[in-house]
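Before any comments, here is the structure.
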Amino acid sequence: QYQQAYLYLNQALDECDEEDRYEILMWTASAAYNASKWERALSLYEELEKKQSTEDDTSGLAATYNRLGLVYQAKGEWEKAIQFYYKALEGKEKIGDIHGMAQTYGNLAILAFEQKDMATALSHFWSIQFLFIKLGAKAEVEQTFNSIGTVASNIDEKEFGKLTNEILT
């Protein structure tokens, strides 16, 4: 299904007028990502990034940086993914998008977990926890405790206690 959507959206992108290009570009980039067309997704997101930069669209840029991070993470290019996630965090913090910040911290936490960097994963999960507490998002707080528990189950109990203590103090 993603392949078909990707093909249709590419055709629409080729045929659209400039007025509709921005929205179709976002949809096509997303479809390229979902169809595992990494290089195409990157080129489309980079085109979005240029447009959003010229329009000083902080919210759009933050979302695009997050998506670029996802593409680089999927490609296994961890450092580039991390760079884009931090750019996304900077933009989301600037506009006060707490939920968006939690989402990006989640991406960073998952990446760190995949790399077996449990200290960094734990730190990011606690960052998410603090943001969700700030939002009063009880269900998300519970979910984040589950994620913290997953990290805990992958490291020594003493190490978990030490890391948590460092993070919380």
Side-chain angles (χ1 to χ4, degrees), residues 2 5-6 9-10 12-13 16 18-115 117 119-148 150-151 167:
Y2 289 126
Y6 170 71
L9 285 164
N10 266 301
L13 189 60
C16 72
E18 194 58 37
E19 185 179 312
D20 297 326
R21 184 167 179 79
Y22 182 75
E23 187 169 341
I24 295 171
L25 187 61
M26 286 191 296
W27 284 104
T28 308
S30 179
Y33 170 78
N34 287 319
S36 302
K37 306 281 187 190
W38 310 132
E39 296 310 316
R40 179 69 170 149
L42 287 173
S43 70
L44 294 169
Y45 283 129
E46 287 165 358
E47 184 178 340
L48 272 171
E49 177 188 16
K50 286 177 190 167
K51 184 167 180 51
Q52 292 161 334
S53 292
T54 60
E55 295 176 358
D56 198 29
D57 180 3
T58 304
S59 178
L61 268 172
T64 297
Y65 289 145
N66 193 60
R67 291 181 186 116
L68 281 163
L70 288 169
V71 175
Y72 281 114
Q73 184 172 348
K75 288 181 66 177
E77 295 183 35
W78 313 120
E79 290 307 314
K80 284 185 179 179
I82 291 167
Q83 289 171 0
F84 278 106
Y85 287 146
Y86 277 110
K87 287 174 97 169
L89 276 174
E90 185 178 306
K92 290 174 183 191
E93 187 172 5
K94 183 178 179 180
I95 61 172
D97 181 3
I98 295 173
H99 197 272
M101 289 171 61
Q103 178 187 35
T104 300
Y105 272 120
N107 293 338
L108 283 161
I110 290 166
L111 193 147
F113 187 84
E114 289 173 351
Q115 293 181 298
D117 182 353
T120 301
L122 186 62
S123 175
H124 291 316
F125 280 128
W126 276 112
S127 294
I128 296 165
Q129 192 70 315
F130 297 138
L131 292 169
F132 283 145
I133 289 169
K134 188 175 186 176
L135 287 173
K138 293 178 184 179
E140 287 85 351
V141 168
E142 289 175 18
Q143 289 174 332
T144 306
F145 271 129
N146 287 336
S147 298
I148 291 168
T150 300
V151 173
I167 293 165

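In what follows, residues are counted from 1 in the order of the sequence shown. Scope of the values below: all heavy atoms of this structure, side chains included, with no hydrogens, waters or symmetry mates.
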Residue pairs meeting salt bridge (Lys or Arg N to Asp or Glu O under 4.0 Å), one or both in residues 55-72, sequence neighbours left out, come to Lys51-Glu55
Using the test ring-ring contact (aromatic ring centres under 6.0 Å, His included), find all partners of Tyr33 that sit at least two apart in sequence or belong to another chain.
Trp38
Find out whether Asn10 and Arg40 are in side-chain contact, i.e. whether some heavy atom of one side chain is under 4.5 Å from a heavy atom of the other.
yes
Answer whether the closest heavy-atom distance between the side chains of Glu90 and Tyr65 falls below 4.5 Å.
no
Contact summary for [X] and [Y], nearest pair of heavy atoms:
X	Y	value
Val151	Ala121	CG2-CB, 4.2 Å
Ser53	Leu61	OG-CD2, 3.6 Å
Ala41	Ala29	CB-O, 4.0 Å

From the list Val141, Thr144, Ile128, side chain to side chain contact (heavy atoms under 4.5 Å, CB included) with Ile133 holds only for Val141
Spatial distance of atom [atom1] ([X]) from atom [atom2] ([Y]) [nearest 0.5 Å]:
X	Y	atom1	atom2	result
Ile82	Leu111	CD1	CG	5.0 Å
His124	Gln129	NE2	CD	15.0 Å
Glu47	Arg21	CD	CZ	4.0 Å
Lys138	Gln143	NZ	CD	15.0 Å

Check for a donor-acceptor pair, side chain of Ser30 on one end and backbone N or O of Met26 on the other, with a separation under 3.5 Å.
no
With sequence neighbours excluded, residues passing side-chain contact (heavy atoms from CB on, under 4.5 Å) with Leu9:
Trp27, Thr28, Ala31
The side-chain contact (heavy atoms from CB on, under 4.5 Å) partners of Ala119 (sequence neighbours excluded) come to Asp117, Leu163
Working note: Thr150 + Phe113, criterion side chain to side chain contact (heavy atoms under 4.5 Å, CB included); need CA distance, chi angles, decisive distance, verdict.
CA-CA 10 Å; Thr150 300; Phe113 187 84; 3.8 Å; yes
Identify each donor-acceptor pair in which a side-chain atom of residues 91-105 lies under 3.5 Å from a protein atom, sequence neighbours left out, and give them as a table.
{"from": "Lys92", "atom 1": "NZ", "to": "Gly100", "atom 2": "O", "distance (Å)": "3.2"}
{"from": "Lys92", "atom 1": "NZ", "to": "Thr104", "atom 2": "OG1", "distance (Å)": "2.8"}
{"from": "Asp97", "atom 1": "OD1", "to": "Gly100", "atom 2": "N", "distance (Å)": "2.8"}
{"from": "Thr104", "atom 1": "OG1", "to": "Asn66", "atom 2": "OD1", "distance (Å)": "3.0"}
{"from": "Thr104", "atom 1": "OG1", "to": "Gly100", "atom 2": "O", "distance (Å)": "3.2"}

Just distance, no hydrogens or angles: give the donor-acceptor pairs under 3.5 Å from side chains in residues 73-81, sequence neighbours left out.
{"from": "Gln73", "atom 1": "OE1", "to": "Tyr85", "atom 2": "OH", "distance (Å)": "2.6"}
{"from": "Gln73", "atom 1": "NE2", "to": "Glu114", "atom 2": "OE1", "distance (Å)": "3.2"}
{"from": "Lys75", "atom 1": "NZ", "to": "Glu39", "atom 2": "OE2", "distance (Å)": "2.5"}
{"from": "Lys75", "atom 1": "NZ", "to": "Glu77", "atom 2": "OE2", "distance (Å)": "3.0"}

Please lay out, stage by stage, how Asn34 and Tyr6 fare under the test side chain to side chain contact (heavy atoms under 4.5 Å, CB included).
CA-CA 8 Å; Asn34 287 319; Tyr6 170 71; over 6 Å; no
Could you check whether the rings of Tyr72 and Phe84 sit parallel, tilted or perpendicular, using 30° and 60° as the cut-offs?
parallel
